[in-house]
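Accompanying notes for the structure given below.
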Amino acid sequence: MTQPRSPLMQELTARGFVFQSTDPEGLDQKLQAERVTGYIGFDPTGDSLHVGHLVSIMQLRWLQRHGHKPIVLLGGGTAKIGDPSGKDEQRQFLSDEQIEINKAGIRRVFDKFLSFGDGPTDAILVDNAEWLDELRYIPFLRDIGRHFTVNRMLTFDSVKSRLEREQPLSFLEFNYMILQAYDFVELARRYGCVLQLGGSDQWGNIVNGMELGRRLDDRHLFGQTSPLITNADGAKMGKTAKGAVWLNEDRLSAYDYWQFWRNTQDADVGRFLRLFTDLPLDEIARLEALEGQEVNDAKRVLANAATTLAHGPDAARAAEETAQATFAAGGAGAALPTLELTPERLAGDGVGVLDLFVEAGLADSKKEVRRLIAQNGARVDGQPVGEDYRLTADALPGDGLKLSAGKKRHAVVRPAGA
RNA sequence: GGAGGGGUGGCUGAGCGGUCAAAAGCAACGGACUGUAAAUCCGUCGGGUUUCCCUACGCAGGUUCGAAUCCUGCCCCCUCCA
């Protein structure tokens, strides 16, 4: 492929967002010639998005920053069906109420990354339930269904893999790709949208939409996918002990989010800086070249930049200060999870370690605390404690004590009201 | 509809009357080494009022001193035949 000339394509290519493209040259030319409207679809199957979605989110952000118009398409309609490409199990049906809750949560995430409004490059959020819920079956089959051959549909990976593994594929799910293809056409008609982005698993769906647009309206639509992002171990990124790394503050604190990025493996730092921050490429190149202990500086920059995007500069700064106070100075930072204990609880014998650690969220069960203690991993104010340790009122200063489970997990206990 | 195979801990997957809270691997957690990295090594890995008790091998019963293991019924999945 020749070097792209449009700023957007240069940016996306240099940062590693581009995997496959239906017509790279054509898209590049169009991007130079005019303002392009592009979209990515998100299924509102959860009330937040996680770092796995970040590659898509960042692409929409770049689209907007380079003067084009992003559409966030929420699959309120398709969420009722479930994308068969995922796993073997059929998708759970979501209630309408749940879908509304999820849409609101997702909208909150996008508010951080895009600017919405009525202007020409302002992002808009659209729900495909708007047109899918009203579809009439026979007209849809006649107008849209005629353009799909089952023969072809059977060759798409999402379907093929199901069939090959002899996993059931319901007719309901079989329709997903048609509806997604139809979404693209509908967005093209309503908003002049000509570009669909997505993960590499969406290639088939994207191509379908593009072709449907050509057959139905003689439109030239473009599609482009991004690579599946794994970490240097080859594991899908964004999985931690507690599950997904959420972008909503109420699912994952800004401090934990910051820590997630701070703990990036050395080998991933450069790639992640390019994908998940807005930092200039030459700056990233400099950070990427750091070696040995100095890569920690790059990780801190990564954590700050990524946290600023998702939670704002204040939260990022607070997270960094807490990390600094906790790890470098061995103290306790303000953003650590905090357990408050009432005077009543602290009276007399006080609170035992087992309860203390469980309540502080550092262990899931008392047994786990026992295990921690047996392995010397449970510390109060930096000192290893035994199973018989009890926290009493006079042992708890007003500014609290630091509880630690292992070297990385910390919390603070303090008297209530202090 | 008929015949056969199977449902085990977060996942993969052994066990097929007692010594089974259930091998092994992965994941996870703690420790050592480091740089809040990776790799490596050691340890842990259902819960509790912890020499004992509770819950657990698809669900519900039964046989037995004793069942993840045997029997009956039900649910679900797979294969072959129709």
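Basis for what follows: all heavy atoms, side chains included, without hydrogens, waters or symmetry-related copies. In the text below, chain A, chain B and the rest are named by the order of the sequence lines, each starting its count at 1.
A salt bridge links A:K366 with A:D355; the closest basic N to acidic carboxylate O contact falls under 4.0 Å. Checked for salt-bridge contact, A:R15 and A:E11 meet the test: a charged N lies under 4.0 Å from a carboxylate O. Salt-bridge check for A:E288 with A:R271: failed, with every basic side-chain N at 4.0 Å or more from each acidic carboxylate O. Using a cutoff of 4.0 Å between basic side-chain nitrogens and carboxylate oxygens, A:E283 and A:R286 are scored as salt-bridged.
With B:U50, B:A37, B:U34 as the choices, the nucleotide that has an atom nearest any side-chain atom of A:K407 turns out to be B:U34. You'll find that the side chain of A:N296 is closest to B:G35, out of B:G35, B:G31, B:G30.
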Listing time: all N or O pairs from protein to nucleotides 22-27 of chain B that are below 3.5 Å?
none

Could you write out each protein N or O paired with an N or O of nucleotides 43-46 of chain B at a distance under 3.5 Å?
from  : atom 1 : to     : atom 2 : distance (Å)
B:G43 : O2'    : A:Q375 : OE1    : 3.4
B:G43 : N2     : A:Q375 : OE1    : 3.3
B:G43 : N2     : A:Q375 : NE2    : 3.3
B:G43 : N3     : A:Q375 : OE1    : 3.1
B:U44 : O4'    : A:Q375 : OE1    : 3.3
B:U44 : O2'    : A:R371 : NE     : 3.3

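Counting non-hydrogen atoms under 4.0 angstrom, A:A405 reaches the backbone sugars and phosphates but no base. Here A:K366 lies in heavy-atom contact (under 4.0 Å) with sugar-phosphate atoms only.
Here A:N151 pairs with nothing under the side-chain hydrogen bond (donor to acceptor under 3.5 Å, both in side chains) rule; sequence neighbours left out.
Of the P atoms belonging to B:G4 and B:C54, the separation is 40 Å, rounded to the nearest Å.
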